[in-house]
Amino acid sequence: MTKQEAAAALRHYAVLLELVGEDPFRARAFENAARMLETQPENLDVLIAENRLSAVRGIGKGVAAAIRDLNSRGTFAELEEARQGVPSGVIELLRVEGLGPKKARTLWKDAQVTSLAALENAIEAGLIERLPGFGAKTAQKFRVGLAFLKSTSGRHWRHHAVRAAESLRESLKDMAGVREVFFGGSLRRGNETVGDLDVLLIAEEGQANAVRTQVASLSFVRWSEAGHILRGELASGFRVELSVTAPDEAGARKILATGSKEHVRALQEIAAGKGYTLDPQGVGNVLRAGSEEQVYAALGLAYVPPPLREGSNSVFEAGSRTYPEPVRLNQIRGILHCHTTASDGHHSLRELAAAVIERGYEYLGVADHSQSAAYAHGLTPERVRAQWKEIDELNGELTPFRILKGTEVDILPDGRLDFDDELLAGFDFVVASVHSGFNMSEEDATARLCRALENPQVDILGHPTGRLLLERNGYAVNHTKLMDCAARTGKAIELNCSPHRLDLDWHYLALAEAKRVPVPLCPDAHHIEGLWDIRWGVEVAAKGPLTAANCPSTWSADEFVRWCASHA
DNA sequence: GCCGTTTTCGGCCCGACTGTTTTCAGTCG
């Protein structure tokens with residue numbers, strides 16, 4: 001078992017404890033232990049073999065025993081017992097925004113609501129608002145939350161989809177007769193969330209039927225129907241659509257498997273106009289080709305990079321268009337915006353710097369929280385100055401590597417900042433973000449963000465909408481006004497690379513590019529593994545595309561600091 | 001359950017916000 005899997009089991013147990021009304025501090029102890037376990041540099045086998053679990057802060061005798069059981073047999077006695085006591089649908093209720101363990105427990109015990117469907121029925125029947133502590137507004141809030149869940153149903157975070165696809169690829173690639181395992185769909189197009197995994201197996205000449213037979217007998221997939229497409233579901237919950245094709249149809253089949261629906265429809269119309277067919281049921285002779293490039297060329301069209309195949313107007317005549325090169329991972333020179341143990345991060349400055357140096361980066365931009373972010377142990381001005389001293393000492397030791405002094409300063413409800421200008425002037429760079437007061441109108445939110453950008457000390461706007469993918473929408477923002485404001489004040493807007501955020505939304509990258517608003521790729525890392533989240537940002541940025549020139553993460557430390565000073 | 005310690009049990013991140021209730025509980029970041 002991996003650390004992450006064990007941590008997930010501990011968290012699951014903590015949730016169950018809360019639902020059965022156990023001591024909330026006991027539940028929190030398991031949550032803390034899960035978090036601490038995840039941030040250990042060693043893997044679980046090593047920690048257990050060397051008997052070092054209990055040495056981890058937050059893991060005592062009891063949790064250590066649970067972890068050892070998890071590793072050896074996949075569960076522990078208390079977890080199994082707690083599972084028996086809570087209907088699985090009750091845990092689902094917690095996914096509704098504003099519905100926590102206490103309300104879930106009331107719904108379960110007082111109204112026999114044990115599933116999302118039952119919750120919906122209870123709301124519509126007017127039963128919810130009669131429960132103690134519930135009212136009409138609570139019911140309405142749950143109604144909205146349920147609608148959001150429905151709209152995201154069957155979709156997954158990109159990082160989970162990539163992990164599931166990589167594992168599926170391992171199972172398929174060595175199968176007899178398989179030439180290539182190809183993943184299409186929103187995974188290939190670089191989207192921030194992914195629904196089904198669209199798999200295309202390109203078989204060796206004459207092997208398609210044999211491959212299909214082998215695939216259909218795979219034991220780890222539950223196939224639901226036959227036909228020319230195999231539909232199945234992985235244990236991880238991912239739905240898979242898999243088809244097998246001969247090499248001479250691979251080009252067209254890859255295009256069909258990649259989508260988007262609108263892009264494919266536009267291609268099909270052009271193909272039909274020329275008397276060709278480009279259809280899952282059959283590919284016209286002219287479009288029989290091994291590569292996608294050949295198919296676009298046969299249709300008289302420019303080749304469209306997969307991340308740009310969105311919308312019906314993403315098809316262009318051959319020679320009519322060149323695409324800007326998107327920023328690549330190996331062009332990133334510095335990591336901006338991450339948190340240390342001084343606020344809510346899990347690693348020290350020194351540990352983060354060592355990890356970033358090991359990966360070959362030139363600088364690390366630390367940006368801990370500011371004082372009003374009490375939940376995150378935000379820094380007071382005194383603690384900021386102490387951190388600056390520590391950075392100066394480390395920089396003396398680590399040169400030519402450089403740690404940049406930054407902050408993620410809270411934007412207060414009225415758009416002012418959580419530190420005064422004098423302190424802000426002492427940082428190399430300032431990220432300003434909203435962490436509270438999410439219930440604003442679009443007008444108020446836009447004005448709040450613009451006021452923050454107008455402060456000369458601010459360099460970068462952090463996660464501009466506050467959205468959490470598949471969890472909440474964030475506040476509404478007028479992106480055109482915001483982008484105009486950033487352009488006028490000479491500021492940047494981050495693309496937060498956390499796979500749960502990916503905020504700025506890629507739809508606005510072209511606007512940023514057009515208005516010359518720089519977009520740094522910021523991991524917003526709270527532990528070392530999170531530093532590499534920058535990968536998801538790079539993949540999504542290809543959809544703009546965001547160019548290297550417009551991405552401060554590709555600049556040298558000197559260039560970046562000079563740019564920050566230029567508008568102060 | 002874990003931690004720290006005045007070594008045996010009390011405290012555990014903490015403040016804003018919301019909705020319900022009429023003084024506070026629950027959720028969230």
Side-chain angles (χ1 to χ4, degrees), chain A residues 9-11 13-37 53-67 69 76-79 82 93-108 110 128-145 339 341-346 368-380 383 408-414 418 433-440 444 462-463 465-468 471-475 496 498 500-501 503 524 526:
Chain A
L10 296 176
R11 282 206 181 87
Y13 181 57
V15 168
L16 292 173
L17 287 179
E18 289 194 272
L19 286 171
V20 297
E22 261 266 16
D23 174 15
F25 290 111
R26 196 164 160 246
R28 189 187 292 174
F30 278 88
E31 263 169 43
N32 287 341
R35 204 174 62 238
M36 295 312 292
L37 179 64
L53 277 177
S54 299
V56 177
R57 199 183 153 75
I59 299 181
K61 267 187 186 167
V63 178
I67 295 173
D69 279 356
F76 56 99
E78 298 95 322
L79 174 61
L93 298 179
L94 299 174
R95 295 170 56 209
V96 178
E97 198 178 352
L99 205 172
K102 297 283 170 59
K103 284 208 154 56
R105 185 173 161 78
T106 303
L107 286 166
W108 167 30
D110 293 2
I128 294 296
E129 43 217 273
R130 277 183 242 148
L131 292 170
F134 291 61
K137 288 192 174 175
T138 306
Q140 178 56 19
K141 199 172 174 185
F142 290 173
R143 196 178 280 128
V144 171
H339 298 267
T341 44
S343 64
D344 59 348
H346 295 292
D368 275 314
H369 288 284
S370 59
Q371 53 195 349
S372 78
Y375 66 91
H377 200 219
L379 275 64
T380 59
R383 294 180 62 221
E408 182 180 17
V409 65
D410 260 48
I411 301 175
L412 303 174
D414 62 359
D418 192 28
S433 309
V434 166
H435 291 108
S436 59
F438 277 45
N439 274 349
M440 300 169 278
D444 288 348
H463 43 70
T465 73
R467 75 177 182 185
L468 288 177
E471 288 176 15
R472 66 162 193 235
N473 280 326
Y475 39 84
N496 189 296
S498 160
H500 299 260
R501 293 187 184 271
D503 177 22
D524 193 3
H526 289 72

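Quick note on labels: first sequence line is chain A, next is B, and so on, each numbered from 1.
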Winner on side-chain proximity to A/Lys102, out of B/dT27, B/dC17, B/dT20, is B/dT27

Classify A/Val56 by what it touches in the nucleic acid, base, sugar-phosphate, or nothing, heavy-atom distance under 4.0 Å. sugar-phosphate

Exercise. With no hydrogens and no angle check, do the side chains of A/Ser498 and A/Asp524 hold a donor and an acceptor under 3.5 Å apart?
Worked result: no

Close N/O contacts between protein and nucleotides 4-12 of chain B (under 3.5 Å):
{"from": "B/dG4", "atom 1": "OP1", "to": "A/Arg57", "atom 2": "NH1", "distance (Å)": "2.7"}

- Message: What's the gap between B/dC9 and B/dC14 when it is taken at their P atoms, as a whole Å value?
- Response: 25 Å

Q) Using a cut-off of 4.0 Å on non-hydrogen atoms, how would the nucleic acid contact of A/Pro132 be classed: base, sugar-phosphate, or nothing? A) nothing

note: A/Met440, atom CE; B/dT18, atom P; distance rounded to Å ~ 11 Å

Using the C1' atoms only, state how far B/dT18 lies from B/dT23, rounded to an integer number of Å. 15 Å

**OP:** Please check the phosphate of B/dC17 (OP1 and OP2 only) for any side-chain N or O of A/Ser436 closer than 4.0 Å.
**Re:** no

Per the glycosidic torsion and the 90° limit around 0, nucleotide B/dT8 is syn

TODO: Indicate, with a heavy-atom threshold strictly under 4.0 Å, whether A/Ala136 touches base, sugar-phosphate, or nothing.
DONE: sugar-phosphate

With the side chain defined as heavy atoms from C-beta on, A/Phe30 is closest, among B/dG1, B/dT27, B/dC17, to B/dG1

A/Val63 has its side chain closest, among B/dG19, B/dC2, B/dT27, to B/dC2

What nucleic acid atoms does A/Phe438 come within less than 4.0 Å of, heavy atoms only: base, sugar-phosphate, or nothing? nothing

Exercise. Within the structure shown, what part of the strands sits under 4.0 Å from A/Lys141 by heavy-atom distance: base, sugar-phosphate, or nothing?
Worked result: nothing

Give A/His435 one of three labels, base, sugar-phosphate or nothing, depending on what nucleic acid heavy atoms sit under 4.0 Å from its own. sugar-phosphate

Original post:
When you compare B/dT8 with B/dG15, how far apart are their C1' atoms, in angstrom units rounded to a whole number?
Top reply: 32 Å

In whole angstroms, the gap separating P of B/dG19 from CD1 of A/Ile128 amounts to 16 Å

Re B/dT8: Watson-Crick or G-U wobble partner, both distances kept under 3.5 Å, found to be none

Q. Would the number of heavy atoms belonging to other residues, nucleotides or ligands and lying under 6.0 Å from NE2 of A/His500 be above 12?
A. yes

| task | Rounded to whole angstrom, note down the P distance from B/dG11 over to B/dT6. | result | 15 Å

Pick the C1' atom in B/dC13 and in B/dT27, then give their distance to the nearest Å.
15 Å

Whole-Å C1' distance, B/dC12 and B/dT5:
15 Å

